Amino acid sequence: METRLCDIRNLNSEEALRGLKLAGEILRGGGLVGFPTETVYGLGANAFDAEAVASIFAAKGRPGDNPLIVHVASLQQARELVEFTPLAEKLAERYWPGPLTLVLDSRGLVPASVSAGLSTLAVRLPSHPGALAMLRAAERPIAAPSANLSGRPSPTLASHVLEDMQGRVPLILDGGAVEIGLESTVVDARGECPILLRPGKITQEELRLLCGDCPAAGQADCARPASPGMKYRHYAPQGQLFLVKTWREAEALRLQLLQEGLPLPLLLLSDESAGELQQRGVPEEQIISLGSEARPEEFAHNLFAALREADHRAASHIIGQSIPAIGLGAAVMNRYTKAASKK
Ligand code: AMP
Ligand code: MG
């Protein structure tokens, strides 16, 4: 299958209008489309079409027990798919359109495979203008996980989608670099307070302030199923990633690896640490800067691209500097720690 790439950065351009029309046709016909959102790129299919949904799992090599998020163009479309609770109303009012996914009881309109057989369904109204334009062109809800091969870092550029999905999908809409760079915050919104299933840009601290409480799954006293997809190895580069806290630890580990006769490691560092190590003679080409230690949003924005860059450079050993797991740092460290785990 030939994969077409279509630039939709200017939504009023002829290329974008043609691409969106084609995306609508492909999606209605049961095909797959790669598309930008404000979090990461998604791989979409008609949520009502079981065969189209099955082809998402096939294209990604995704385990069938890892449920998908259904993307909608309006609150009304979401209400048709799931049972809204007062909490869901409050969260949607505050955060939609935006990077928050709500897990609610399904009304049973979409095939069970979308939610991996669960009685709940995850729904999200994204804010990205290109994503919204595509959802409108499709004229139906779109099931979409991240557009990477299962296990790989989520795509934050159209070129990342092409890397993983070339020959597997007919169309990728190129909206340029995504804004946030990490997947949406996922909460179970069926009860009195949100239960955090996956950390993201909308932080646990923020949700706690709005709702009084926001326990993480597992910490909640009520027995709820945790987010099934979170058990899998995720976001992993091909090389081995080691996490350290400071530039001193990074330098000590770098020297240790060299002493062991291993190839030069690649360093993923804060801007501040990159400066320190360069002053100590570590060549620039062995370092990728993830952003300032004071701005976790920069780490969020750059992490997945840096993990893919490590693969492009065939880095067998990667030393990654972590940041405090506070606020958005918690979402960054959730992905970073998974990327560093061996299995
Ligand atoms: P992805 O879009 O690839 O980030 O995957 C979507 C993620 O959303 C899954 O891996 C789950 O962690 C979560 N999710 C989707 N549907 C549900 C659900 N019904 N219950 C709990 N978590 C869900
Ligand atoms: Mg994913």
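Given the structure is predicted, the values throughout are model-derived calculations rather than measurements. Atoms within each ligand, like the ligands themselves, are counted from 1 in listed order.
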Task: The single option from Thr101, Leu207, Thr203 passing side-chain contact (heavy atoms from CB on, under 4.5 Å) against Thr185 - done: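 Considering Thr101, Leu207, Thr203, a side-chain contact (heavy atoms from CB on, under 4.5 Å) with Thr185 is found only for Leu207.
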
Open item on the list: Centre-to-centre under 6.0 Å for Tyr41 and Phe35, is that the case here?
Closed with: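 Tyr41 vs Phe35: aromatic centres not under 6.0 Å.
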
May I ask you to decide whether [X] forms a salt bridge with [Y], counting only side-chain N to carboxylate O separations under 4.0 Å?
| X | Y | value |
| --- | --- | --- |
| Glu205 | Arg208 | no |
| Arg152 | Glu163 | yes |
| Glu38 | Arg124 | yes |
| Arg308 | Asp164 | yes |
| Arg79 | Glu89 | yes |
| Glu83 | Arg107 | yes |
| Glu285 | Arg313 | no |

Open item on the list: With side-chain hydrogen bond (donor to acceptor under 3.5 Å, both in side chains) as the criterion, how do Tyr95 and Glu206 come out once you've worked through the C-alpha distance, each side chain's angles and the decisive distance to 0.1 Å?
Closed with: CA-CA 11 Å; Tyr95 293 112; Glu206 206 178 326; 3.2 Å; yes

TODO: Answer yes or no: does an N/O atom from Asn66 fall short of 3.5 Å to an N/O atom of ligand 1?
DONE: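 Between Asn66 and ligand 1 (N or O atoms, distance only) the closest approach is under 3.5 Å.
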
Task: Nitrogen or oxygen atoms of Lys60 and ligand 1 under 3.5 Å apart - done: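 No, since none of the N or O atoms of Lys60 sits under 3.5 Å from an N or O of ligand 1.
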
Of all the atoms in ligand 1, which lie at a distance below 4.0 Å from a heavy atom belonging to [X]?
| X | answer |
| --- | --- |
| Leu118 | 18 (C), 19 (N), 20 (N) |
| Leu68 | 15 (C), 16 (N) |
| Thr120 | 18 (C), 19 (N), 20 (N) |
| Ala122 | 15 (C), 16 (N), 17 (C) |
| Arg62 | 1 (P), 3 (O), 5 (O), 6 (C), 9 (C), 10 (O) |

TODO: Work out whether the distance between some heavy atom of Val40 and some atom of ligand 1 is less than 4.0 Å.
DONE: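 The answer is no: ligand 1 sits nowhere under 4.0 Å from a heavy atom of Val40.
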
Task: From His71, Glu183, Arg198 - option closest to atom 1 (P) of ligand 1 by heavy atom - done: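 It is Arg198 that holds the nearest heavy atom.
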
Open item on the list: Checking contacts here: is it the side chain or the backbone of Thr101 that comes within 4.0 Å of ligand 1, counting heavy atoms only? Could be both or neither.
Closed with: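 None of Thr101 does.
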
Open item on the list: Could you enumerate the protein N, O or S atoms under 2.8 Å from the Mg ion (ligand 2), written like residue then atom name?
Closed with: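 Those protein N, O or S atoms (cut-off: under 2.8 Å from the Mg ion (ligand 2)) are Ser146 OG.
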
TODO: Show your reasoning for whether side-chain contact (heavy atoms from CB on, under 4.5 Å) applies to Leu253 and Glu249.
DONE: CA-CA 6 Å; Leu253 181 55; Glu249 281 176 40; over 6 Å; no

